Amino acid sequence: RLALKLARGYPNTWPRAQLAPRYGLLAAQLLAGPLNQRMEAGVLAAKLLDAYPHCEQRPEIEVLLQSLGMTGGKGQPA
């Protein structure tokens with residue numbers, strides 16, 4: 001839970017930091033995996049795509065959204 005809190009807060013606290021999308025993705029992966037909060041993970045991942053459209057993690061974020069059955073648009077179901 002602490003890792004989730006830290007990873008989730010990083011993009012909000014330092015939105016222009018180069019690692020912000022990476023830590024946001026980590027938080028989404030934790031939500032989707034061990035914490036089994038798939039919808040919340042999808043919403044977070046979609047927000048990351050919107051906030052960081054050209055980040056190097058984009059392919060990983062898109063794969064996560066697909067695995068959750070969601071598109072890139074605000075975490076909506078596919």
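Everything numeric in this text was worked out from a predicted model, so none of it was measured. The figures here come from the full heavy-atom set of this structure, side chains too, leaving out hydrogens, waters and symmetry mates.
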Would you list the atom pairs, donor with acceptor, under 3.5 Å between side chains in residues 9-24 and any protein atom, with sequence neighbours excluded?
from  : atom 1 : to    : atom 2 : distance (Å)
Thr13 : OG1    : Gly9  : O      : 3.0
Arg22 : NH2    : Glu60 : OE2    : 2.9

Output side-chain donor-acceptor pairs under 3.5 Å for residues 33-44, partner residues at least two apart or in another chain, one line each.
from  : atom 1 : to    : atom 2 : distance (Å)
Arg38 : NH2    : Ser67 : O      : 3.2
Glu40 : OE2    : Arg8  : NH1    : 2.9
Glu40 : OE2    : Arg8  : NH2    : 2.1

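Using a 4.5 Å cut-off on side-chain heavy atoms (C-beta onward), Cys55 and Ile61 make contact.
Here salt bridge (charged side-chain N to carboxylate O under 4.0 Å, His left out) pairs that include residues 26-37, with residues two or more places apart or in two chains, number zero.
Residue Gln29 holds its CD atom at 12.0 Å from CG of Leu4, rounded to the nearest 0.5 Å.
In this structure, Leu26 and Ala7 approach most closely via the heavy-atom pair CD2-CB, 4.1 Å. In terms of heavy-atom proximity, Ala46 sits nearest to Leu65 at N-CD2, 4.1 Å.
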